[in-house]
Amino acid sequence: MAKKTKRAASKSSGSSAEFKAVIDDLVMGNRILYDQGVVDGYGHVSARDPRNPERFLLSRARAPGLVQPSDIMEFGMDGEPVRDDGRPIYSERFIHSEIYLARPDVNGVVHSHSPTVVPFTVTNVPLKPIRASFFYPEVPLFDTRDVAGWTNLLISNRELGKALAEKLGKNSVVLLRGHGNAVVGSSVRLAVYRAVYTEANAKLLLQAKMLGGPINYLAPEEAAIMESSQSRHRPGHGTDRIWELLKSEAIARTGQPKR
Ligand SMILES: [Zn+2]
């Protein structure tokens, strides 16, 4: 009996440690995206709740560069807060809820109006990979007009969120026409990393196009090898190394989050 109690206790402290780690990454992810110029006063990042996969964690409506741990709220898969305490919430939270519903493999979602990516949402120039191996199989383009006609372009209800998640399919990035993009990953860190490198790849592609001539894109075979070496997760490599650097830069600019 005593053994059982001990095991239950250690399990619950393990999940609360995991929850705290996800909150820390979520707060830092907000600030990194701001520091890297992926978001400004708008845009948001969420995490699936490690204690309950039917819920996700997202800041109250606030500029990402200012988000503190106490701003993080819990939401259900209907996109509504679990406890409505009257705090303002993001109108585009349905991007997150509907992607989590459609993609059980996704644990982190970023929505931004990442400036170099937006031109690729309004031209016929496809956003193809130079460095971003996660652009395969493809980077689809979602248009609110196809689903809802004339709107303010915001994904402000479940119907639009569901249609966006369908357009995302099994990919990692979906473009929103005249608006921005949504990027997903198996963790908050991976989603943030991909959002930063989606913007970086868009910049590289713009520069390559200015040089003129045909572009030698990253081949799908090369991308698959890059993705599999990253998923081996060696400490100090890949996302870990970048996270450590981006975190220290974000803290230098936005300060330490309040405990
Ligand atoms: Zn938006």
Side-chain angles (χ1 to χ4, degrees), residues 26-27 29-48 56-67 71-73 75 77-81 87-103 106 108-123 127 132 135 139-169 171-185 188 191-203:
L26 192 51
V27 170
N30 271 278
R31 290 155 178 249
I32 287 171
L33 291 168
Y34 168 65
D35 186 47
Q36 293 297 310
V38 173
V39 300
D40 46 20
Y42 300 109
H44 21 87
V45 48
S46 68
R48 196 187 289 274
F56 67 99
L57 306 161
L58 179 70
S59 171
R60 70 178 166 103
R62 191 171 199 199
L66 302 175
V67 166
D71 294 320
I72 305 299
M73 297 172 66
F75 291 82
M77 290 299 150
D78 57 358
E80 299 305 334
R87 289 191 284 179
I89 52 179
Y90 294 123
S91 63
E92 292 196 283
R93 58 197 182 277
F94 304 99
I95 295 173
H96 304 266
S97 55
E98 294 298 327
I99 288 177
Y100 287 124
L101 269 176
R103 291 277 301 270
V106 165
V109 177
V110 173
H111 167 55
S112 80
H113 312 144
S114 175
T116 320
V117 178
V118 174
F120 290 91
T121 74
V122 293
T123 56
L127 182 56
F135 278 10
V139 178
L141 172 64
F142 176 74
D143 193 332
T144 40
R145 280 182 210 161
D146 296 340
V147 182
W150 303 124
T151 67
N152 60 2
L153 305 194
L154 301 183
I155 309 299
S156 52
N157 60 50
R158 289 194 72 174
E159 183 198 13
L160 282 165
K162 187 166 187 284
L164 175 69
E166 272 166 20
K167 183 58 85 172
L168 169 69
N171 300 293
S172 302
V173 184
V174 59
L175 304 180
L176 287 82
R177 193 262 311 161
H179 176 178
N181 66 87
V183 183
V184 304
V188 181
V192 169
Y193 168 91
R194 285 176 171 172
V196 169
Y197 280 91
T198 296
E199 170 69 13
N201 194 101
K203 276 200 185 99

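Counting starts at 1 for both ligands and their atoms, following the listed order.
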Between Asn181, Thr121, Leu168, Leu164, which is the residue that forms a side-chain contact (heavy atoms from CB on, under 4.5 Å) with Phe142? Leu164

Thr144 and Ile155: CA distance, side-chain angles, deciding distance, side chain to side chain contact (heavy atoms under 4.5 Å, CB included) verdict: CA-CA 8 Å; Thr144 40; Ile155 309 299; 4.0 Å; yes

Using a cut-off of 6.0 Å, state whether more than 12 heavy atoms not belonging to Tyr34 lie near its atom OH. no

Residue and atom names of protein N/O/S atoms that fall under 2.8 Å from the Zn ion (ligand 1): Glu92 OE1, His111 NE2, His113 NE2, His179 NE2

Hey, what's the ring geometry for His111 with His44, parallel, tilted or perpendicular (30° and 60° as the breaks)? tilted

Hey, does the side chain of Arg48 reach the backbone of Tyr100 with a donor-acceptor pair shorter than 3.5 angstrom? yes

Going through the distances and angles, do Val67 and Ile72 end up as a side chain to side chain contact (heavy atoms under 4.5 Å, CB included)? CA-CA 8 Å; Val67 166; Ile72 305 299; 4.1 Å; yes

